[in-house]
Protein chains: 2
Amino acid sequence: MRADALRNRTRIIDTAREVFREQGYDASLDEIAKRAGVGAGTLYRHFPTRDALLDAIMQTWVDRVEEAAEKALAFEGPPRELLLGWFDVYVGLISLHRGGPAKITSALGDPDSPIRTKCEVLTGAFERVMQRLRDADALREGVDTVQAARLVGGVATVADDGGLDAAAVRPLLVVVADGLLRA
Amino acid sequence: MRADALRNRTRIIDTAREVFREQGYDASLDEIAKRAGVGAGTLYRHFPTRDALLDAIMQTWVDRVEEAAEKALAFEGPPRELLLGWFDVYVGLISLHRGGPAKITSALGDPDSPIRTKCEVLTGAFERVMQRLRDADALREGVDTVQAARLVGGVATVADDGGLDAAAVRPLLVVVADGLLRA
DNA sequence: GACAATACGGAGACAGTCTCCGTTTAGCAA
DNA sequence: TTGCTAAACGGAGACTGTCTCCGTATTGTC
């Protein structure tokens, strides 16, 4: 890749991250191009669709998921707390930008999603946490990872759309956790 | 209201219902106007915002919620089945048009929402069902109606966004129900 | 039948998406 | 260094959707 192309690419990604954080995932792409100091054509050449740009942005913080999962796995304490702690982190991560929860959760389990690889990292991390609980025989029968991720993603989506704060989200996650854990 | 105004109003509502059903809540309003055989100005005069139009459309089927709640209340059987049956109906109702679950669920508990009155009908029905279970001492402590509606709405939203069918939705609702019901 | 009051409708201003293509630049080879 | 070519740039403009403005038409009343 030519040096100028690479330079523009990173500029676009950085700017997009900033703009998406400020305005959510439906921000104007032309504005992102303008702020990044490139023409619209350049943006669209690098990222033919909005989702392609999204995918590039997610790269950075998908890495954080791994750490968070490790931390959850190392947690010594009751399963309910472990699960709730993980849910909190997960919701925080997918809610970094407005529109994120819906985008990500709807892509779970979709093999054709443009952000598939990123979602696989997420479900991978989720799976490890769930497996840890399964090993401890803490989960009900027939509970599977994608279902759990969808439930938590649903909570995050509702919170995102409705502007709920952490205090309003907590009880919802508690219900989901109680529904997943062995009674 | 003048006769021609009323005629146009109903034409617009009927057309909008049709178009929204076909294309979801983000369909073009100009197309609705065109299909209804009126000018864009006429549509916007009757319904200044997309939400105002939505509100008018919801009227018809909000009525169905009442019946459905009555039916649920009359149900003789285990609380878990009652709750799941109600969830199914509720999800079906708010999912009539694409985009509906997110729209409606994010409006729950928002006193400034343009579809507030419709949401109140929904939560009212939801509340009666929940109260019935509370009377039977079937619910966990501290479970409240809006929380339950948000959870079910979250499931419906995820299903709507991700194109999940009833078979994929069922287990999610089961988890929510188990989380709400006394262990 | 005339005259307000009310309602209509579509042209057009505006904003966002996305493409096309003439211009510029990086990188390499002589 | 210079010259060359493939690669990349960028912005004008076509297109779509939102929403307003205002000249025109219709309704219902006296």
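Side chains included, hydrogens not; waters and symmetry mates left out as well; all remaining heavy atoms used. In this text the structure is predicted, and so the values were computed from the model without any measurement. Letters go in sequence order (proteins before strands), and every chain restarts at 1.
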Q: What is the distance, rounded to the nearest whole Å, between atom CG of B:Leu6 and atom C1' of C:dC8?
A: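 Roughly 15 Å, once rounded to whole Å.
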Q: Which residues pass the side-chain hydrogen bond (donor to acceptor under 3.5 Å, both in side chains) test with B:Arg128, sequence neighbours left out?
A: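 Result, side-chain hydrogen bond (donor to acceptor under 3.5 Å, both in side chains) vs B:Arg128: B:Glu66, B:Glu70.
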Q: Establish, with yes or no, whether the OP1 or OP2 oxygen of D:dC9 is under 4.0 angstrom from a side-chain nitrogen or oxygen of A:His46.
A: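 Yes, within the criterion.
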Q: Tell me, please, which residues at least two apart from A:Ala156 pass side chain to side chain contact (heavy atoms under 4.5 Å, CB included).
A: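 Scan of A:Ala156 (side chain to side chain contact (heavy atoms under 4.5 Å, CB included), adjacent residues dropped) gives A:Val91, A:Ile94, A:Ser95, A:Pro101.
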Q: Taking only the side-chain nitrogens and oxygens of B:Asn8, find out if one of them lies under 4.0 Å from OP1 or OP2 of C:dA7.
A: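 Checking B:Asn8 against C:dA7: no side-chain N or O falls below 4.0 Å of OP1 or OP2.
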Q: Without decimals, in angstroms, what is the distance between B:Phe20 CZ and D:dG17 P?
A: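 To the nearest whole Å, that distance equals 13 Å.
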Q: Quick one: list whatever passes side chain to side chain contact (heavy atoms under 4.5 Å, CB included) with A:Arg132, sequence neighbours left out.
A: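 Side chain to side chain contact (heavy atoms under 4.5 Å, CB included) list for A:Arg132, sorted by chain: A:Leu73, A:Leu82.
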Q: Got a sec, which residues hit salt bridge (charged side-chain N to carboxylate O under 4.0 Å, His left out) with A:Glu22, two or more places apart in sequence or on another chain?
A: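 With neighbours one apart ignored, the set is A:Arg35.
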Q: Give the rounded distance in Å between these two atoms: CZ of B:Arg11 and C1' of C:dA7.
A: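 To the nearest whole Å, that distance equals 15 Å.
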Q: Identify, with sequence neighbours excluded, every residue that meets salt bridge (charged side-chain N to carboxylate O under 4.0 Å, His left out) alongside A:Arg17.
A: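 If we apply the salt bridge (charged side-chain N to carboxylate O under 4.0 Å, His left out) test to A:Arg17, skipping adjacent residues, the hits are A:Asp14.
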Q: Are the side chain of A:Asp51 and the backbone of A:Leu54 linked by a donor-acceptor contact shorter than 3.5 Å?
A: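 Pair absent, no side-chain N/O of A:Asp51 close to backbone of A:Leu54.
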Q: Tell me the interatomic distance from A:Ile12, atom CD1, to D:dA8, atom P, rounded to whole angstroms.
A: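 Value for this atom pair: 12 Å.
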Q: What is the distance, rounded to the nearest whole Å, between atom CG of B:Asp51 and atom C1' of D:dT18?
A: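 Taking atom C1' of D:dT18 as the reference, CG of B:Asp51 is at 14 Å.
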Q: At under 4.0 Å between heavy atoms, how does the protein contact nucleotides 17-30 of chain C? Give one character per nucleotide, 5' to 3', with B, S or -.
A: BBB-----BSS---
Q: Would you please say whether a donor-acceptor pair under 3.5 Å links the side chains of B:Asp135 and B:Gln131?
A: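 Distance-only check passes for B:Asp135 and B:Gln131.
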Q: Distance check needed: D:dG17 P versus B:Leu43 CG, whole Å only.
A: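 That distance rounds to 14 Å.
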Q: Tell me whether the OP1 or OP2 atom of C:dA7 has a side-chain N or O from B:Thr42 closer than 4.0 Å.
A: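 No, outside the criterion.
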Q: Quick check on the helix from C:dG1-D:dC30 to C:dA30-D:dT1: what's the angle between its two end axes, five base pairs per end, to the nearest 10°?
A: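 Between the axes fitted at each end of the helix from C:dG1-D:dC30 to C:dA30-D:dT1 lies an angle of 10°.
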Q: Apply side chain to side chain contact (heavy atoms under 4.5 Å, CB included) to A:Val175 and list each qualifying residue two or more places apart in sequence or on a separate chain.
A: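 With neighbours one apart ignored, the set is B:Leu151, B:Leu180.
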Q: Output the rounded distance in Å from CZ (B:Arg9) to C1' (C:dT6).
A: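 About 16 Å, once rounded to whole Å.
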Q: Could you tell me which residues satisfy side chain to side chain contact (heavy atoms under 4.5 Å, CB included) with B:Ala107, sequence neighbours excluded, listed by chain and number?
A: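 For B:Ala107, the residues satisfying side chain to side chain contact (heavy atoms under 4.5 Å, CB included) (neighbours in sequence not counted) are B:Ser113, B:Ile115, B:Cys119.
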